[in-house]
> 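I'd like to ask you about the structure that follows.
Lettering of chains follows the sequences in order, A, B, ..., and the numbering in each one begins at 1.
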2 protein chains.
Amino acid sequence: MEETKFVINSNEYLPLRDVVFNTLRDAILTGKLVPGERLMENQLADKLGVSRTPVREALRMLALENLVELVPRKGAQVLDMSEKDIINILEVRDALESLATSIACEKMKNEALQQLKSVEAEFERAVEERDVERIIQLDEDFHDLILESTENDKLTQIYQNLRVQLYRYRMAHLKVDSTIPAIIAHHRGILRAIENHDAEEGATVAHGHIKYHTEFILRSIHSK
Amino acid sequence: MEETKFVINSNEYLPLRDVVFNTLRDAILTGKLVPGERLMENQLADKLGVSRTPVREALRMLALENLVELVPRKGAQVLDMSEKDIINILEVRDALESLATSIACEKMKNEALQQLKSVEAEFERAVEERDVERIIQLDEDFHDLILESTENDKLTQIYQNLRVQLYRYRMAHLKVDSTIPAIIAHHRGILRAIENHDAEEGATVAHGHIKYHTEFILRSIHSK
DNA sequence: TTAAATAATACTGTATACATTGTTTCTCTT
DNA sequence: AAGAGAAACAATGTATACAGTATTATTTAA
């Protein structure tokens with residue numbers, strides 16, 4: 001029995017590069033590191049109390065997530081996205097969201113559907129309570145459940161990567177009250193399509209959903 | 001005038017990590033390194049005549065391309081894809097190819113269209129000459145031209161990454177004579193759709209094209 | 001005062017040494 | 001002989017040192 005005494009968390013070990021990666025990623029996504037800011041290995045290493053090696057590796061990971069830009073012999077800087085980039089990402093996400101939703105219409109098990117419904121119910125409750133943090137989280141959960149049901153890891157991975165890239169520009173989005181009713185309508189439409197196993201309808205609604213998102217994000221960029 | 005003497009190639013400099021990356025990537029794609037094979041940093045460093053540092057960085061780049069798998073404190077090995085993985089990739093590629101083609105139908109300039117036509121003509125000539133290497137290259141060119149015309153770097157990047165992952169399983173594909181006529185028909189269908197700016201038709205034909213690819217690749221896997 | 005050249009500096013690129021952990025092998029015990 | 005345990009080994013994780021290059025500052029000349 002005592003052999004479990006020290007097995008609090010069997011995988012508490014995380015390589016430093018992952019710790020650094022998570023730290024920097026979080027800093028970028030929350031805006032503590034702003035686009036264009038230079039990321040110098042020595043400076044970061046000192047600040048984080050590690051050597052340059054894990055910092056270098058973390059920077060390269062961030063580069064592959066398109067969060068930082070690496071120029072050989074020059075260094076890294078937080079990547080600044082143009083409006084064009086955002087449009088491009090949304091265009092791809094549109095296609096993938098439609099794909100995911102239509103697969104979900106075909107494949108989703110009843111159990112998962114019930115879960116999805118309950119997430120949506122919670123979402124609408126959070127809306128009433130104007131709990132912005134929770135609204136954002138539950139919207140993410142809703143889409144994650146759909147992705148999961150596709151049983152397609154590649155799709156999930158690519159989609160989530162796109163989401164991360166948009167994260168910085170998305171924060172403001174769900175905070176605006178006026179957009180919420182439309183989002184709820186979309187979610188309900190998606191639920192209905194899944195319930196009816198209507199893949200075509202699902203893709204259509206998802207497309208409309210993203211299109212709405214797209215327009216909103218673009219508008220919020222322009223108003224800055 | 002003599003200042004140009006040594007400026008043969010103004011960006012001949014490539015960081016060692018990129019050299020190693022290209023070398024390993026090529027070795028994996030051509031099958032010199034087979035799935036499951038362990039990739040040990042010291043061993044690779046010795047063999048390539050560099051230190052472990054660039055090798056490590058190259059391995060991490062390969063991991064992000066899903067060509068190798070990294071297990072913390074265990075090491076790297078050439079990633080073996082299951083049939084499920086291949087199906088997943090093809091599913092995503094299908095959606096992206098349809099997206100790319102339909103955008104191309106809307107956006108492609110006449111100049112690019114003429115280029116596309118000439119690539120297709122060359123492709124069909126290569127088919128007649130049974131020049132397999134050239135067939136493969138031109139098929140890639142055909143799809144690259146379509147991607148380019150979307151003016152969407154993200155889409156292009158993601159699509160090409162998927163292509164790399166399939167590369168190993170794709171080689172055999174275009175070597176089989178029986179599949180070629182269908183591919184030519186698809187290409188011509190895509191050309192027609194672009195010419196008529198018929199985005200819907202383009203997406204449909206592209207979808208059929210990938211579906212055909214998919215079935216073929218799966219059949220060739222099963223017959224192994 | 002400004003522009004060009006040169007020197008100083010600060011950063012990335014690469015190698016290497018040390019630390020830690022996982023694996024294998026050998027030995028000892030039952 | 002088989003299994004458990006310990007020790008030797010081998011690989012990755014991390015730190016650091018040195019090399020090379022880009023940038024900045026400074027000085028000199030026009």
> Is Glu97(A) close to His143(A) at the side-chain level, that is, under 4.5 Å between some pair of heavy atoms?
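When only atoms from C-beta onward are counted, Glu97(A) and His143(A) do touch, with a gap below 4.5 Å.
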> Would you say that Asp144(A) contacts Gln160(A) through its side chain, given a criterion of any heavy-atom pair below 4.5 Å between the two side chains?
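A side-chain contact exists here, since the closest heavy-atom pair is under 4.5 Å.
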> Are any of the side-chain heavy atoms of Gln165(B) and Asp85(B) separated by less than 4.5 Å?
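They are not in side-chain contact.
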> I need the CD-P distance between Glu57(A) and dT12(C), as an integer number of Å.
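Whole-Å distance recorded here is 15 Å.
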> Could you give the CG-to-P distance, from Asp18(B) to dT12(C), as a whole number of Å?
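One finds 16 Å between P of dT12(C) and CG of Asp18(B), rounded.
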> Hey, which sits more toward the 5' end of DNA chain D by its nearest nucleotide, Arg38(B) or Arg38(A)?
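Mapping each residue to its closest nucleotide by heavy atoms, the 5'-most match is Arg38(B).
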> Of Leu155(A), Asn152(A), Thr150(A), Asp94(A), which is the lone residue that meets side-chain contact (heavy atoms from CB on, under 4.5 Å) with Leu99(A)?
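By the side-chain contact (heavy atoms from CB on, under 4.5 Å) criterion, Leu99(A) pairs with just one of Leu155(A), Asn152(A), Thr150(A), Asp94(A): Leu155(A).
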> Using side-chain heavy atoms (C-beta onward) and a distance below 4.5 Å, is Asn161(A) in contact with Ile158(B)?
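No, their side chains stay 4.5 Å or more apart.
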> With pairs defined as Watson-Crick or G-U wobble and both distances under 3.5 angstrom, please note down DNA chain D as a dot-bracket string, | for pairing with another strand.
||||||||||||||||||||||||||||||
> Determine the minimum heavy-atom distance between Ser102(A) and Ala203(A), stating which atoms define it.
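For Ser102(A) and Ala203(A), the tightest heavy-atom pair comes out as CB-CB, 4.1 Å.
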> Return the set of residues passing side chain to side chain contact (heavy atoms under 4.5 Å, CB included) with Ala58(B) (not counting sequence neighbours), or none when no residue passes.
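With neighbours one apart ignored, the set is Val20(B), Phe21(B).
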> To the nearest Å, how far apart are Leu16(B) CG and dT12(C) P?
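Distance check: Leu16(B) CG to dT12(C) P gives 17 Å.
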> For Glu122(A), which residues count as a salt bridge (Lys or Arg N to Asp or Glu O under 4.0 Å) partner, sequence neighbours excluded?
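If we apply the salt bridge (Lys or Arg N to Asp or Glu O under 4.0 Å) test to Glu122(A), skipping adjacent residues, the hits are Arg134(A).
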> Under 4.0 Å, heavy atoms only, any strand: does Arg17(A) hit a base, just the sugar-phosphate, or nothing?
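Result for Arg17(A) = sugar-phosphate.
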> Quick check on Glu111(B): does its CD atom have over 12 non-hydrogen neighbours (other residues, nucleotides or ligands) under 6.0 Å away?
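No, the 6.0 Å shell around CD holds no more than 12 heavy atoms from other groups.
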> Below 4.0 Å from chain B heavy atoms, what is the first contacting nucleotide of DNA chain D and what is the last?
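It runs dA11(D) to dT14(D).
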> Any non-hydrogen side-chain atom of His222(A) less than 4.5 Å from a side-chain atom of Glu83(A)?
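Side chain of His222(A) against side chain of Glu83(A), heavy atoms only: contact under 4.5 Å found.
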> Write down the distance between CE (Met40(B)) and P (dT23(C)), rounded to a whole number of angstrom.
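Whole-Å distance recorded here is 13 Å.
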> Please work out which residues in residues 58-78 of chain B have a non-hydrogen atom less than 4.0 Å from an atom of DNA chain C and list them by number.
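Correct list: Arg73(B), Lys74(B).
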> Between Glu148(A) and Thr156(A), is any pair of side-chain heavy atoms under 4.5 Å apart?
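With C-beta onward as the side chain, the pair stays apart.
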> Evaluate the side-chain proximity of Arg25(B) to Tyr167(B): yes if any heavy-atom separation is below 4.5 Å, no if none is.
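Side chain of Tyr167(B) against side chain of Arg25(B), heavy atoms only: no contact under 4.5 Å found.
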> Are the side chains of Leu166(A) and Ile86(A) in touch, meaning some heavy atoms are under 4.5 Å apart?
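Counting from C-beta outward, Leu166(A) and Ile86(A) do come under 4.5 Å.
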> For DNA chain D, which residues in residues 43-53 of chain B have a heavy atom at a distance below 4.0 Å?
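Nucleic-acid contacts, sorted: Arg52(B).
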